[in-house]
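Here is the naming used below: chain letters follow the sequence lines, and residue numbers restart at 1 for every chain.
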Amino acid sequence: MLDISLIRESPEVVKESMRRRQMDATAVDEVRTLDEQWRDVLTEGNRLRHRKNVLADEIKELRKQGKDISEKIEESKALPQKIRDLEEKERDLKSQIQQLMLQIPNLLHESVPDGLDDTENEEVKRWGTLKEYDFELKSHVDIMEALDLLDTERAGKVAGSRFFYLKNEAVLLDMALIHVALQHMRSKRFNLMETPYMLNRKSVEGCVDMSAFEDVLYKIDGEDLYLTATSEHTLAAYHMDEILEEEVLPLRYAGFSACFRKEAGAHGKDTKGVFRAHQFNKVEQFVFCTPQQSWDEHESLVQNAEEIFQKLELPYRVVNVCTGDLGGVAAKKYDIEAWMPKQETFREVVSCSNCTDYQARELNVRYRTSEGNEFVHTLNSTALATSRALVAIFENFQQEDGSVIVPKVLRDLVGCDVITPQ
RNA sequence: GCCGAGGUGGCCCAGUCUGGUACGGCGCAGGCCUGCUAAGUCUGUGGGCGCAAGCCCUCCAGGGUUCAAAUCCCUGCCUCGGCGCCA
């Protein structure tokens, strides 16, 4: 969430940012009204608690002198109930304010383009040449099934729709992609992490707007645990409630985990294959840094992800995500979209966000400066999600005879140059 | 899962039995001292409200007892050690 002092002192700045996001900004004024009430209640509560402390002190003194304390005790006895009432009022106001604050998104970076939805994202870069194919292209599902690399039908029986079994070379490809991504990140001196696949509610709430995300997460029955939707969350929560030394920043992590998502509301979209599934593997980049560092770090993250797709020889473009498509936590976001020749379009394979201090305030991750403790900036970016990369590889590297060329960088790890029908 | 020991400011730790509002050290920042360095010494060092003076909160979390809780009682969570189980 935002710093409430920003809403107190510069409400217009916050409102303007919300308007650019096509959002109704009335929550800002509601917060300001409730905040004033909250401060009044807080001040009154403090006054009563002060009186209580003074009385306790006086009682101690009088008792020491052997004097009568019954009058003081009588006054003191009346206070706790009054204080409790005020505390309840205060908690109530505070939670109303929190609720509203969660609806107020991060301040936009000035370079974010205005727009209603993903069609108005701004293309900032293209890489690679789009190959010409002189035969009828097949979908990744058709290719993979023909090569005995994928079984979604039995996955449906065993787990349900939107699950899949990878088979044979596809398993090796999946592992190879992870390996290449992790090695790339290690060469950039990122700390590699294999993270927990589950995390508790507090950790998730630190990372996302739970009211919007609850539908996406798998909950473990009877436990305070959720299956991780992305290692962004386990990495973000890694330093939760910590105060970091300024000289250790930026802290750069690359986390690997499986990711589990209900994908609620995605009915009818990409229902076949591995593009949009309930479970996939992903290497994620995550950075904790100072406000001075974060915009440079943001460019580095997208650069790192680009380099991986360059190694894989997959053509892509980078878009600067527009205001309407941005999401509340990010101040700015780049997507990398790989070219999918069968679908004849670019599809999102990487999402790279600078969340500035918005997420850190929730997670309570600070760093020490000579002027006091400040919230860090957090950034996250896909390095590589195997499911989406697989789709791109099978679409781009398919050949007329149904075989698929393995990108050079993966060949040693997969153990062949071409995957051919058996 | 069982038994035991713990959880105190950025870190380490005292205080808990015997209730009166957190001791000391380290680190960090600043001042003083010094030819320089080291040492020494003083002040500050979490969150909130307030223009300010100042006040409130904070001893894992949540309840309870009490005029008053780090301290007593109950519940829960977590960590460490031992035992059991185990890929």
Peer 1: Taking side chain to side chain contact (heavy atoms under 4.5 Å, CB included) as the test, write out the residues that go with D417(A), two or more places apart.
Peer 2: R411(A)
Peer 1: Under a 3.5 Å limit for both distances, which nucleotide forms a Watson-Crick or G-U wobble pair with U66(B), could you say?
Peer 2: none
Peer 1: Hey, what's the ring geometry for F163(A) with Y218(A), parallel, tilted or perpendicular (30° and 60° as the breaks)?
Peer 2: tilted
Peer 1: Show the atom names and distances, to 0.1 Å, of all donor-acceptor pairs under 3.5 Å that link a side chain in residues 69-78 of chain A to residues at least two apart or in another chain.
Peer 2:
unit_1: S70(A); atom_1: OG; unit_2: D68(A); atom_2: OD1; d: 3.0
unit_1: S70(A); atom_1: OG; unit_2: D68(A); atom_2: OD2; d: 3.1
unit_1: K72(A); atom_1: NZ; unit_2: E58(A); atom_2: OE1; d: 2.9
unit_1: E75(A); atom_1: OE1; unit_2: R51(A); atom_2: NH2; d: 3.0
unit_1: E75(A); atom_1: OE2; unit_2: R51(A); atom_2: NE; d: 2.9
unit_1: E75(A); atom_1: OE2; unit_2: R51(A); atom_2: NH2; d: 3.3

Peer 1: List the steps, then state whether side-chain hydrogen bond (donor to acceptor under 3.5 Å, both in side chains) holds for Q359(A) with E232(A).
Peer 2: CA-CA 11 Å; Q359(A) 192 177 46; E232(A) 173 201 337; 3.1 Å; yes
Peer 1: At a heavy-atom distance below 4.0 Å, what parts of residues 81-94 of chain A sit against RNA chain B?
Peer 2: none
Peer 1: All N/O contacts under 3.5 Å from nucleotides 19-22 of chain B to the protein, with atom names and distances to one decimal?
Peer 2:
unit_1: G20(B); atom_1: O2'; unit_2: K60(A); atom_2: NZ; d: 2.9
unit_1: G20(B); atom_1: O6; unit_2: R63(A); atom_2: NH1; d: 2.7
unit_1: G20(B); atom_1: N2; unit_2: A56(A); atom_2: O; d: 3.3
unit_1: U21(B); atom_1: OP2; unit_2: K60(A); atom_2: NZ; d: 3.0

Peer 1: Has R388(A) got its NZ or CZ under 6.0 Å from the middle of the six-membered ring of F275(A), at an angle within 45 degrees of the ring axis?
Peer 2: yes
Peer 1: Are any protein N/O atoms closer than 3.5 Å to N/O atoms in nucleotides 50-53 of chain B? If there are, list each pair with its distance.
Peer 2:
unit_1: G50(B); atom_1: OP1; unit_2: R39(A); atom_2: NE; d: 3.4
unit_1: G50(B); atom_1: OP1; unit_2: R39(A); atom_2: NH1; d: 2.4

Peer 1: Sequence neighbours left out, what passes side-chain hydrogen bond (donor to acceptor under 3.5 Å, both in side chains) with E246(A)? Give chain and number order.
Peer 2: none
Peer 1: Report the base-pairing partner of G50(B) (Watson-Crick or G-U wobble, both distances below 3.5 angstrom), or none.
Peer 2: none
Peer 1: Taking pairing as Watson-Crick or G-U wobble with both contacts under 3.5 Å, can you name the mate of A5(B), or confirm there isn't one?
Peer 2: U79(B)
Peer 1: Identify the nucleotide, in any strand shown, that forms a Watson-Crick or G-U wobble pair with G24(B), with both distances under 3.5 Å; if there is none, say none.
Peer 2: C12(B)
Peer 1: Mind checking side chain to side chain contact (heavy atoms under 4.5 Å, CB included) for L107(A) and listing every partner two or more places apart, or none if nothing turns up?
Peer 2: L2(A), L6(A), V13(A), V14(A), S17(A)
Peer 1: What salt bridge (charged side-chain N to carboxylate O under 4.0 Å, His left out) pairs are there with at least one residue in residues 282-295 of chain A, not counting sequence neighbours?
Peer 2: K282(A)-E284(A)
Peer 1: Just to verify, what does Q96(A) make a side-chain hydrogen bond (donor to acceptor under 3.5 Å, both in side chains) with, not counting sequence neighbours?
Peer 2: D92(A)
Peer 1: What are the residues of residues 27-36 of chain A, sorted by number, that bring a heavy atom to within less than 4.0 Å of RNA chain B?
Peer 2: none
Peer 1: Give the rounded distance in Å between these two atoms: CD of E246(A) and P of U45(B).
Peer 2: 20 Å
Peer 1: Would you please name every residue forming a side chain to side chain contact (heavy atoms under 4.5 Å, CB included) with Q293(A), sequence neighbours left out?
Peer 2: L249(A), P250(A), C289(A), T290(A), E297(A)
Peer 1: Can you name the side chain to side chain contact (heavy atoms under 4.5 Å, CB included) partners of N364(A), sequence neighbours left out?
Peer 2: D241(A), R366(A), F375(A)
